[in-house]
Amino acid sequence: MSIEWYIVLSSLLFATGAMGILIRRSPVVILLCLELMLNAGNLALIAFSRMVGNQEGQVFALVVMVVAACEVVVGLGLIVAIFRRRLPLDVDELRELRG
Amino acid sequence: MNFVAPEIDYAGLSPVIALTVSLCVVLLSAVFRPTERWAPGLTLIALATTAGLLIWRWGDSQDLVTGALRIDELAISISLVVLLMAAACVLLSLREPATEQVGSGEYHALLLGSVLGMVLLAQAQNLITFFVGLETLSIPLYILCAANLRRERSLESGLKYLIVGSLGSATLLYGMAFLYGGSGSTDFAGIAAGIGDAGLVGDPLVLVGIALVAVGLAFKTSIAPFHQWTPDVYEGAPTPITAFMAVATKAAAFAVFVRFFDLALAPQAEEWQPALAVLAAVTIVIGNIGALGQRSLKRLLGYSGVAQAGYILGGLVVASEAGVNALVFYLVGYAFMNLAAFAVVVARERETVFGDDIESVRGLGHERPLLAWPLTISMLGLAGLPATVGFIGKLYLIEALVEGDYTWLAVFIAVGTMISLAYYLRVVATMWMRPESVAAEHGGAPAAPAIAGASPEADPIDRHAGRRLYLAGPAALAAAATVFFGVIPQPLVEFAERAGSSLF
Amino acid sequence: MSNSLLWTPLAFGVVGLFLPRRAAGWWATAGAAATLGLAIAILAGFDSGGGLQHNVDVEWIPGLGVDYSLGVDGLNVFLLLLTALLWLGGTAFAAFREQERPQLFFLMMLLAETATLGAFLAQDLLLFVLFFDLMLVPFYFLFGAWGTDRPDGVTASAATLKMIVYTLVGSLLMLVGAIATGIIAADGGDLTFSIAELARQPLDEGSQRWIFWFFAVAFLVKMPAFLLHGWLADAYRAAPLPVLAVFSGVLAKVGAYGFLRVVLPLFPDATVEFQEVMLVIALASILYGSAMAFTQTNVRLVAGYSSVAQLGFITAGIFALRADGADGAVLQMVNHGLVVAPLFIIIAVLVERSGSEDLREMGGLAMRAPVLAALFLIVTLATLAMPGSANFVGEFFILNGLFQAKIVYAFVASIGVVMAAFYALRLYQRTMHNRTPEGLVSREIGWRDGVVLVPLVACIVALALYPNLILERTDRSVEATIAAVEGRPSEELARR
Amino acid sequence: MSATAWAWLVLLFPLLGSIVTAVGYRALPARAAGAIGTAAIALSFACGVGALVSLLGDEPEARHHASSLWTYASGGGLHVDLGILVDPLSVFMVLVVTGVSTLIHLYSFGYMRSDQGYHRFFSYLNFFVFSMLLLVLAGNFVLLIVGWAFVGFASYALISFWYRRETATGAGMKAFVINVVGDVGLVLAAFLIFRELGSFDFEQVFHAAPEHFTTNEWTVTAICLLLLVGAFAKSAQLPFHTWLADAMEGPTPVSALIHAATMVTAGVYLIARTHPLFGMAPTAADIAAFVGLATLLVAGTIALVVTDLKRAIAYSTMSQIGYMVVGVSIGAFSAGMFHFMTHSFFKALLFMAAGSIIAAMANDQNIDRMSGFGKAMRFTSAMLLVGGLALAAFPGTSGFFSKDEILAFASERGGMYVIFTVLGYAGALLTAVYTFRLIFRILPGRPNREAQELIETGHVAHGEPVNPVTGEREDTDVGFPGPEHHIAEHSLPMKVAMGVLGILALVGGLIQVPGVSHAITSFLDPVFHDSPLAQVHPSAGSEWAGLAIGAVISLAGIGLAYLLYVARPETPARLIERLRPVHTLLVNKWYFDEAIDALIVRPALATGRFANRTFERFVVDGLVNGTAETVRGAGGVVRLVQSGFVRSYALLLIAGFAGLALYFLVVSS
Amino acid sequence: MEEVLFFLGAIGALGGAVGVIAMRNPLYSVLALIVHLFSLAVLFLLLSSAFLAAAQVVVYAGAVMVLYVFVVAYVGGDQESAWEPIPGQRLLAPLLGIALFVELAIAVLGSSLLTLGTEGPEVRPGFGDPAAIGELLLERFLVAFEASSILLLLAAVGAVVLAGRRRAVEGVAGSSSEHSAPKARSGEVPATPTGDPA
């Protein structure tokens, strides 16, 4: 199975994630979509690392996982804080700041 | 299992180490109520130490830890800017409601974390360190933006920043993946070489990779059209954080921007230069016209920040030593001017019920000359009027641009500056002159700040904030520096030249 | 010498910031007087033969090739004197009157003087640009914060903002142009912005062409010239009159001076090529300014538009590209400054008496004020370039230059002379003569205004008797400047 | 003492007088100012005589001396000295000017006594004399222009002397602007001369001209025409004459001095002075001559119908200057100068007399209301008569000789120049008629109210001071000659001045009687001998013939006037009825004012108003505000896009990337 | 065999991804993501990076997802309404998504990088096993490793700060009852505040 397939797949996933961010309004789901994009990145990294035959890509992917985890944690924390503040969990409702 | 610990030059790494250690210390201080009060002091000490160590390393430039980092004048100068802003942020944060709410210890720990990220970023010359540094920079900021938990705007800005920011990092990451794929290496030098060896100069894979990375960085440096988070987040975040973010983030991001594009992507310069030039022009225009008629000072400074980013990007576009010099010089000047402005905004925010609305500085010239002067100087400086560092900075940039055959971009800078006068001088006028007629107000109805008085979000009013040394002091010093380096710029010029020459 | 001349005013101003309200005005006046003394000393020691004198040349920003270099020669020596003189007048006039926040007012006033002197003294292109822009800052505050709001809603700050943005439009482009000049000239070599250096080997035609316009626009806006005078009406109506006196008296000249100091030597080919365009602009300014002046009813604007016309003459003189024309231009810069400043001070006096700035609500003020009437009359006659006044000599030289260079333009320009006679006399008659409107009480000027006005008028008379005082000192430098463009084949370039 | 030294003194005294009276307006008592003023001019006259003497001292060829005080302006190839030229012509002018001025000052000394602006008046008057002298003594064109403009300003100041009169200020403005037009003409002429000959100095220019120019070359013609613009504007020749009649708004002595005796003859002097140039450009000279002719006829006709005493005399002045212009243009230089001299005598006299009568009429100038002053004011009447006779060229009076000399010269040149002789005599007839129209209206007949009062009480009539033109009441507190008026009968200075002039008007002509003496011709000869027409000299015989014709015509004119206004007083009315259109044309002064108004003044003002109301608002401000609005609008768009929806931010971000990537893909392939 | 696995993994990953963005209920989205992650792990294995695959399953599908589930359970996964407040978003989002994919695909397929077509070089057996990765982490990428550990710490702190119960927050959480509506709030704001309302 040639590497191209993996990369194309990953870009498809990347696009899907991006689209998700654009159409979903629940912050939780948006976080999920961000996960999708990061994972697409990971897939690409790993595929490439296989292609060039060095493992830097895999290390990178590992770091990315950590980062992703951190973003999730903070993101979820924010969501909880917003919920606590009795604000709606809908990014479209949060538009005090504009103009 | 043949594990050989990498040889580490601890001297070179000392600033990073110092930051890490102090971060933990500050965090521990948060554990016990009594010690929590020390957090600001500890943070300042930490920052001072780091600065000291950085200055100590000034002049030697070498790779650290098997080329993951590189400490050189560029990194050091940028890190110093970051530290300066961080220290200022600590001072401005005293008695800031946000600090009480998240706890002083955590607040400052997060701040230090962000600083650590920036310092790493400024030194990074490997994709992985680059990415980690960027995230270490961002994630604490997401939290700090939301730190004023009682205020919806603060939370909103936090969430917005998080979402768009992560989107930006994802894009960046994907771009890095492509570049890694193209070059088979994660080191900047390796990338430059690898792309050449594989004969991929001008290859779509690589170029799209560049595009993705550019977007990611453009986002961090709030280049249009990736700037939209800037005004919102600046307005929503606690003002000290805004002050910190406005300069430090830009500085660090630009540092790595320069390092990455002028080193790793140098072979592709012909392709990316025009693209970035156009982005810069767009940014200048959008930032400046967006700021017109803004009522919120923070928002106004946000847009102005966008415009300024456009100017600075010019220094990168020409991909020349002169360009980098100009960029560093401008960043330093920008730090002084913004600091002066934000310090005053913080003071007025606490003194008046108008929050950061422009009304809060009405008539400041009479009642608080000591606050009015710094803000005036900073506005004039940002507007690039002579005898301020802003003028010299623009001069420097334009010189670099003309030298690099980007005169048209220089003209854009000039045009942008003209537009910018309209809003910078409006602030000055509000401070010193009689109110403009309603016709002249483009801001619409007179001030009705959403957080005025009665609302449960209201922050306590401190009638004497303007006289507090930790607010007036930084403002005055920054303003003084703005003028000083506007009249005697040579030291700063040499400083910038060292930074530039260290890269090429 | 140049150094002390340049920084004395600012020094006084800064010190004045810490003086009590009462003292501020007098301290500032003293500062202006000291500056005038220095200027006179420079003139006294001036050697009309030698080129640049009292040179100061130290590296300022070596990194950017910018030097801090000042110098005095025939082109600027009298403009310096004029600046110092008018500022003394304006400052004294203001000091006699109650100002709010006087310390700040006079600081700005003196800062403005330093900036203006700097623009005249600068011998480094970027230094020139810097001072050129810096001038705006103090005037922004002076107009905006001490100006008067109009009943029709246009506030001082709005009017001033308009002026600043408008004039900076020009000068920022000029900054780009200046830098481009230096860099193209250096190409790769070591960077310098010294005007003398740059003049040595002018740029290629192509670059000259666009850079010329970057500079020209800046200067024309400053003057202001026809179609670029959009800021004038509002700003003039907003400005406090003592400030307006120095503003109109000196700042406009900086633009004209810029042409002589920078444009002609540095962009000779472009200058020759665009000579006719500039002449057309100049004539348009003359005719339009005059036409506006004799239909205006606001006294400030009559004076304002009249200076548009006068600056048109000066521009025409410069772009005759002949020594006599340029001589006349330099002389006329001084004359116009000497005339317009007292004119605005007199206007201030008149307004104090009639309580209105509208010609239709004035009249008969000569009654019981013979001294005022006499001073005003002299100023009026000088304004309309009455033969026998130095203004006439200036205009005579200008027109002669124009006549010998491009005869048609000279004939058109001479229409302006007749118009000038009309609007100047109209201003005088409508205010001083005819019937007095109800409830208008005329009274003689007090000694306060006297000590400000009489010396200025005395200077006008003195120059009228011996205009050569200026000509013989400027001629050498002017001819050196003109030499840059004279060699060039004007005709076929113009025909292209 | 050298002639030039005298000349400098001639200039100095009036200037001093002017300054002293001006500065000392508070210190000096009223009479002192008048005394100083008069004395200054008298002294300057004395110095003029001194100059004459020292000039006669040396050889006719050497009778021209230049002198310079200091370099006035020099640079860029131009060089102008503050220099004067003393030669017979200038000295002649100096003598006439200072002489007549002295007398007029003396007259004013009495006449203006009760005027509030006494100091101001004498200061102006002295300044005027100074300017006039500067004009005639100037040694180069620049200084000439200076004097020229000073004269113009002085006349402006004196015309609008009573500055509360809107009519007076208006007239002043008119006079000044028209004079400036003249100045511009001179200036341009000077430029052209400089371009051709490279100098402004009289002697150099006149010396170089003959070599440099060929006859009727366009340049020299152009120069002369430009000079003529100046000359005509100053000398009130067509079409620049309209200001003169209005100039009568000024006090009567002003009319006498400026608008009769001296200033208006400056044009004549200019032509005479620059005769070498006109010599090279006969075409221009002929044009000048014909304009002069036209003027003298037009003015004469207008003078026939004007009812305002001073304006009537003003028109007669115009027509007399027409004669002089004809004279100097056709080459009868000395004759022209001669007529200038005599004219200044009798015209000044006429104005003085008129002033005296107007004072008696309490400032009413309408001749239809005047009658019977012959009995009321004997001295004045006598003087009026003398002046009238001289003006009408009554045999033996001064005007008789001077005028006919010009016409004789014309006939001598023959060819088309005969036209001048013929029409000149026609003009003479007109002159006689309108002059005696005035005299017969004023002197004979039943004394009117004012005259009656004067006869019975010996008091000058008092009336509400009103503006004779508009009839609005004057406010007397700002230097309007209050209720007190002064007539020659009651004031010695006035009497003396008029007496002297009367004598001169009678016998002044005898200085140059054909065949008997030609003092003036021979005195001025050194100046004009180089002119190509210097050789043309009408023989005594032909001159006497001319004089005979002149005498007949003059008598005929007087007779006609008697017939019309005394014997059959009703005929004029009938004539008017019959020639209604002609009459209206004349009453409206040939509609010159209206024409100029419509052609120049209104368009100019309209342009200004358009510039102010329309152009400025829509184009100039439009330019500014338009740009501002556009930018502001764009800002609105940016703020609109900044919608606050985080998802739309993400959208833009990705769109931005898409764009960027697209660009890169394009460059990659 | 490998192809089959790839396609299974690919379909799983893609299906999961689509599921994430398609499901109305956040909880289902989370579950879809878990599917996605598992199938990715398969692909990782195919790309001979065993350690990553393991980490994927353990860290992600395990720990992180559990966190998600908890939060969703806490805030209540209510359906998100269908209407679209931002004009044009509905239309542009898919278009952009497609454009994005197309551009990336073109970049990949149009690339002149030959090795893309291959399955990659033969690698020694130890490739991508924990030992190898760990070695790299502790030698070349020590900094990254340490930094990410700090990052984790900071994130933890952040989570505590944001979600942890603090005295300051309570008061407000109680007081302001209504769900955020700027319009509603602006009501209680004095039009032009004068003096000190506190």
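Small disclaimer: the values here were computed from a predicted structure and weren't measured. The chains referred to below are lettered A, B, ... by the order of the sequence lines, with proteins before strands, and numbering in each begins at 1.
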Task: Pairs where residues 122-156 of chain E contributes a residue and the test ring-ring contact (aromatic ring centres under 6.0 Å, His included) is met, not counting sequence neighbours - done: none
Minimum heavy-atom distance [X]-[Y], with the two atoms named:
X: E/Ser112; Y: B/Gly199; value: OG-O, 4.5 Å
X: E/Leu154; Y: B/Ala109; value: CD2-O, 4.1 Å
X: B/Ala146; Y: E/Leu162; value: CB-CD2, 4.1 Å
X: B/Thr66; Y: E/Arg140; value: OG1-O, 3.2 Å

- [ ] Among B/Leu120, B/Thr20, B/Leu19, find the one that has a side-chain contact (heavy atoms from CB on, under 4.5 Å) with E/Ile150.
- [x] B/Thr20
Is it the side chain or the backbone of [X] that comes within 4.5 Å of chain E heavy atoms, both, or neither?
X: B/Leu23; value: side chain
X: B/Leu69; value: side chain
X: B/Thr352; value: neither
X: B/Tyr107; value: neither
X: B/Leu212; value: side chain
X: B/Ile139; value: side chain
X: B/Leu64; value: neither
X: B/Leu116; value: side chain
X: B/Val65; value: both

Open item on the list: Taking CZ in E/Phe6 as the centre, count heavy atoms belonging to other residues, nucleotides or ligands within less than 6.0 Å. Is the count above 12?
Closed with: yes
Task: Residues, nucleotides or ligands: over 12 heavy atoms within 6.0 Å of E/Glu3 CD - done: yes
Can you tell me which portion of [X] sits under 4.5 Å from chain B's heavy atoms? Options are side chain, backbone, both or neither.
X: E/Val108; value: both
X: E/Leu114; value: neither
X: E/Leu113; value: both

Open item on the list: I need the residue from E/Thr115, E/Ile106, E/Leu104 with the largest number of non-hydrogen atom pairs under 4.5 Å to chain B.
Closed with: E/Leu104
- [ ] Would you please go through residues 121-134 of chain B and name the residues with a non-hydrogen atom below 4.5 Å from one of chain E, in numerical order?
- [x] B/Asn126, B/Ile128, B/Thr129, B/Val132
- [ ] Please step through side chain to side chain contact (heavy atoms under 4.5 Å, CB included) for the pair B/Val16 and E/Val143, ending with a clear verdict.
- [x] CA-CA 10 Å; B/Val16 180; E/Val143 178; 6.0 Å; no
